[in-house]
Amino acid sequence: MKRTALLLLTLSICACGPSGQKVRTSAILVKNVHVVDVVKGTIKKDQQILVDSGKIQVIASELPGAEQYRNVIDGENSYAIPGLTEMHAHIPSPPTDERRIEETLYLYLAGGITTIRGMLGDPYHLELRERVAEGEVTGPRIFTSSPSLNGNTVQTPEEAIRKVRQYSADGYDFLKIHPGIQREVFDSLVATANEVGIPFAGHVPVDVGIRHALESGYATIDHVDGYLEGLVPESAGVRPEDNGFFGFDFTMLADTSRIEELVQLTRKHKVWVVPTQSLFERWFAPTDADSLLAQSEMKYMPKSTLDTWRRIKNEYMSDPSWDAEKWQTFDAIRLELIRRLSAKGYGLLLGSDAPQLFNVPGFSLRHEIAGMRRAGLSPVEILRMGTIYPARFFGQEDTWGSLDEGKAADILLLKENPLEDPTNIRTLRGVMLRGSWFPKETIDRNLEEIAKNAANN
């Protein structure tokens with residue numbers, strides 16, 4: 001959605017700053033708001049936040065001359081937190097029409113997400129990343145992977161070397177690893193990635209295995225992929241390729257006493273993990289498709305997409321290898337892995353794999369947060385996973401990820417305290433994206449338009 005097509009609140013009255021100096025006409029004062037410090041896990045009550053030129057200029061309990069500001073957002077009884085990051089997002093690309101692509105970006109924004117890491121790159125995304133950065137398209141800041149590197153796209157070491165060099169030269173932020181890569185090819189890929197200085201992230205190919213993957217220095221391992229397989233003792237005598245959906249078929253063979261070893265190996269090699277737990281609680285779970293499709297956010301997805309989601313889920317649920325009792329054990333192992341990777345690993349990052357099955361962009365992060373609570377993570381740690389930790393991951397902690405003077409004005413206003421319950425992100429009053437304010441009323445009107453378009457597709 002282009003800025004010209006959006007119902008964006010326009011603020012254009014001049015004001016004077018705290019010392020009498022003139023400020024830009026776009027300056028905004030958010031007054032009397034409770035500021036959440038995601039680093040310390042504390043709240044500063046009744047603060048004034050002055051935003052100008054896309055950045056936070058001042059945060060203070062009192063702001064001299066505040067009464068002169070005309071561009072004011074009353075934050076009374078609201079909580080301000082940094083914009084959220086979706087660390088396992090998907091962005092459509094052509095032949096999907098441009099309107100739907102821009103609507104997808106807006107859905108992320110409508111859910112309070114101001115940064116996304118696209119996990120299946122396309123040359124189109126390189127251009128889109130710049131258009132968003134320049135303000136030509138409204139959406140979260142974008143980090144994008146390369147196109148998929150998998151068992152079909154890189155079948156020889158030479159092919160892996162060539163593609164890694166090409167994707168690095170093209171300007172992708174990192175490489176996306178998918179299943180099927182043979183270990184010899186993978187090792188050539190890693191060596192070349194290290195040589196040219198591009199990170200790699202994603203799945204753990206079966207032939208690589210979790211231990212070698214960790215030792216190879218992934219930037220992130222997503223979906224907790226490979227960890228369950230790593231819990232199966234060699235004495236089980238199974239073929240690695242018989243692991244099933246993310247190790248599901250090895251569930252009853254897993255030895256959870258081996259978790260600590262994998263956690264320590266993860267920490268030693270400084271590998272972040274993106275759990276995408278919501279994927280396993282919605283797509284691959286004993287919940288019927290119709291109950292998921294009845295959720296209110298589904299109206300923002302095209303009918304054709306919803307029909308596909310129903311069909312795929314029903315196919316999985318009818319597979320003879322799947323049963324609810326085994327899923328309960330599978331889920332318990334995943335939650336234990338997540339809890340211990342959070343406590344003693346290198347760190348977790350918030351990501352939901354939207355828009356995969358039943359995960360609607362912007363809304364699915366709420367389900368992911370609920371999954372992290374099920375794993376026993378504290379509210380403040382979950383907030384860090386979606387704010388300061390991603391900024392730290394990208395080496396941009398001094399630019400965004402927390403509410404501090406001089407950082408990007410990516411701010412969510414919430415009606416309820418997220419340190420009591422992080423799912424309170426659903427009580428959104430509005431989103432500030434790099435200094436542009438989107439009140440909930442504006443967001444809701446644009447969502448209505450998206451829902452109408454989705455119903456006709």
Side-chain angles (χ1 to χ4, degrees), residues 28-51 54-61 73-87 108-117 140-141 347-352 362-370 372-373 377-394 396-440 443:
I28 302 172
L29 174 63
V30 184
K31 69 175 186 178
N32 304 326
V33 66
H34 307 320
V35 176
V36 177
D37 186 326
V38 294
V39 177
K40 297 179 181 178
T42 58
I43 294 175
K44 290 184 178 179
K45 292 189 174 182
D46 299 321
Q47 298 293 295
Q48 325 305 315
I49 305 176
L50 179 62
V51 172
K55 293 185 178 182
I56 298 171
Q57 302 295 333
V58 178
I59 300 178
S61 57
I73 299 167
D74 189 353
E76 186 176 4
N77 297 320
S78 296
Y79 296 83
I81 67 169
L84 298 169
T85 299
E86 165 64 88
M87 285 294 289
Y108 285 117
L109 174 63
I113 294 166
T114 56
T115 302
I116 56 176
R117 186 177 69 142
R141 70 170 57 79
L348 300 183
L349 300 167
L350 209 58
S352 67
F363 296 85
S364 57
L365 212 57
R366 302 172 189 180
H367 303 300
E368 185 68 17
I369 287 171
M372 296 303 96
R373 290 295 285 153
L377 276 60
S378 69
V380 68
E381 185 66 10
I382 294 170
L383 289 178
R384 290 168 181 154
M385 289 168 57
T387 55
I388 193 65
Y389 289 171
R392 188 174 298 166
F393 170 84
F394 287 114
Q396 298 187 6
E397 193 175 356
D398 60 343
T399 304
W400 53 275
S402 62
L403 300 184
D404 293 295
E405 294 176 359
K407 290 191 178 183
D410 295 336
I411 305 171
L412 309 186
L413 290 192
L414 309 176
K415 294 179 183 178
E416 298 181 24
N417 186 352
L419 289 182
E420 293 179 355
D421 180 354
T423 63
N424 282 339
I425 64 166
R426 70 187 185 281
T427 66
L428 199 65
R429 283 193 56 197
V431 179
M432 185 172 288
L433 176 68
R434 297 185 292 279
S436 294
W437 174 241
F438 296 79
K440 188 174 187 300
I443 290 172

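Since this is a predicted model, take the numbers as computed values, not measurements. Side chains are part of it too, since the values below use all heavy atoms of this structure and drop only hydrogens, waters and symmetry mates.
- With a 4.5 Å cut-off on side-chain heavy atoms, Y79 and K45 do not count as touching.
- Summarising the geometry of A409 relative to V51, their closest heavy-atom pair is CB-CG1, 3.5 Å, with the distance given to 0.1 Å.
- The CD1 atom of I411 sits 5.0 Å away from the CE atom of M432 when rounded to the nearest 0.5 Å.
- The main-chain N or O of V58 is never found under 3.5 Å from a side-chain atom of E405 such that the two would form a donor-acceptor pair.
- Side-chain contact between L412 and L428 is present, with heavy atoms from C-beta onward closer than 4.5 Å.
- Using a distance-only test at 3.5 Å, with no hydrogens or angles considered, a donor-acceptor pair links the side chain of Q48 to the main chain of N32.
- Residues V36 and L414 are not in side-chain contact: their nearest non-hydrogen atoms beyond the backbone lie 4.5 Å or more apart.
- Two residues are said to be in side-chain contact when any heavy atoms from C-beta on lie closer than 4.5 Å; R426 and F363 fail this criterion.
- For the side chain to side chain contact (heavy atoms under 4.5 Å, CB included) with E416, the qualifying choice from D421, N424, T423 is N424, the only one to do so.
- The structure places OG1 of T387 at 9.0 Å from CH2 of W400, a figure rounded to the nearest 0.5 Å.
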Check against side-chain contact (heavy atoms from CB on, under 4.5 Å), V33 and I49
CA-CA 8 Å; V33 66; I49 305 176; 3.8 Å; yes
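- The residue from R384, E381, E397 that alone fulfils the side-chain hydrogen bond (donor to acceptor under 3.5 Å, both in side chains) condition with Y389 is E381.
- L383 contributes atom CG, which lies 7.0 Å from atom CD1 of I369 (distance to the nearest 0.5 angstrom).
- Distance alone, capped at 3.5 Å, is enough to place a donor-acceptor pair between the D37 side chain and the K40 backbone.
- Put simply, CZ on R117 and CZ on F394 are 6.0 Å apart, with the number rounded to the nearest 0.5 Å.
- Of all the heavy atoms in Y108 and P140, the pair that sits closest is CB-CG, 3.8 Å.
- Under the salt bridge (charged side-chain N to carboxylate O under 4.0 Å, His left out) criterion, R366 pairs with no residue at all, not counting sequence neighbours.
- Between the side chain of D410 and the main chain of R434, a donor-acceptor pair closer than 3.5 Å is present.
- In this structure, I425 and L84 have side chains that are in contact, with non-hydrogen atoms separated by less than 4.5 Å.
- Side-chain atoms of H34 never come within 3.5 Å of backbone atoms of S78 as a donor-acceptor pair (strictly under, hydrogens ignored).
- Every salt bridge (charged side-chain N to carboxylate O under 4.0 Å, His left out) that K407 has, sequence neighbours left out, goes to D404.
- Using a 4.5 Å cut-off on side-chain heavy atoms (C-beta onward), P82 and V38 make contact.
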Would L348 and L377 count as a side-chain contact (heavy atoms from CB on, under 4.5 Å) here? Give the steps.
CA-CA 11 Å; L348 300 183; L377 276 60; 4.0 Å; yes
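- In this structure, the side chains of N417 and I43 come closer than 4.5 Å at one or more pairs of heavy atoms.
- The nearest pair of heavy atoms linking W437 to P439 is O-CD, 3.5 Å.
- Put simply, the side chain of R392 never gets that close to the backbone of Q396: no donor and acceptor are under 3.5 Å apart.
- For the pair I113/E86, a side-chain contact is recorded, criterion being any heavy-atom separation below 4.5 Å from C-beta on.
- Nearest heavy atom pair, residue L403 against residue I59, reads O-CD1, 3.6 Å.
- Residues passing the ring-ring contact (aromatic ring centres under 6.0 Å, His included) test with H367, sequence neighbours excluded: none.
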Is there a side-chain contact (heavy atoms from CB on, under 4.5 Å) between I73 and L29 once you walk through the steps?
CA-CA 6 Å; I73 299 167; L29 174 63; over 6 Å; no
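- One distance of note links CG of L109 with OG1 of T115; it measures 11.0 Å at 0.5 Å rounding.
- Of all non-hydrogen atoms in A80 and L413, the two that sit nearest each other are CB-CD2, 3.8 Å.
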Stepwise side-chain contact (heavy atoms from CB on, under 4.5 Å) check, M372 with I382:
CA-CA 7 Å; M372 296 303 96; I382 294 170; 3.6 Å; yes
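- In terms of heavy atoms, S352 sits closest to L365 at OG-N, 4.1 Å.
- Proximity of a side-chain donor or acceptor of T427 to a complementary backbone N or O of K415 within less than 3.5 Å is detected.
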